Amino acid sequence: MITHQIECLERGELDKMVITVEELREKISIFQREARQNVDAMARYMRHRLGEAIEIVDTRPTCAYCGDPFTAQRKTAKYCSTKCRVAAHRKGNE
Ligand SMILES: [Zn+2]
């Protein structure tokens, strides 16, 4: 459990924890389903709480329009949202 790893880090039993955003999302979902939507907030919280002791690697694709990382519903997805897809399409047609 991720909470156990955090406790170990705080007690100094672990030197460092490296986790990808996808792993973080997976681990959060085990005990707190609603937190899956808040993975970015959780990542910020963990960085704040653990500082140098945690490295969160974001392997998600980034939106071709706004540049934000997003969790793709399909492998071919280029945009984070319909809003960005539409905006990119409009820009391309101008
Ligand atoms: Zn976007």
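Please read all numbers here as calculations on a predicted model, not as lab measurements. If you read the sequence from its start, that first residue is 1, and numbering goes on from there. Order of appearance sets the numbers: ligands from 1, and atoms from 1 within every ligand.
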Taking all heavy atoms of [X] and all of [Y], pick out the closest pair and write down the distance.
X	Y	value
F70	Y79	CE1-O, 3.4 Å
I54	R47	CG2-CA, 4.0 Å
C63	C80	SG-N, 3.4 Å

inquiry  = Please give me the protein atoms (N, O or S only) lying under 2.8 Å from the Zn ion (ligand 1), ordered by chain and number.
reply    = C63 SG, C66 SG, C80 SG, C84 SG
task = Return the set of residues passing salt bridge (charged side-chain N to carboxylate O under 4.0 Å, His left out) with E52 (not counting sequence neighbours), or none when no residue passes.
result = none
task = Output the distance between atom CG (L50) and atom NZ (K16), rounded to the nearest 0.5 Å.
result = 10.5 Å
query = Shared ILVMFWY cluster between I19 and Y45, side chains joined below 4.5 angstrom?
reply = yes
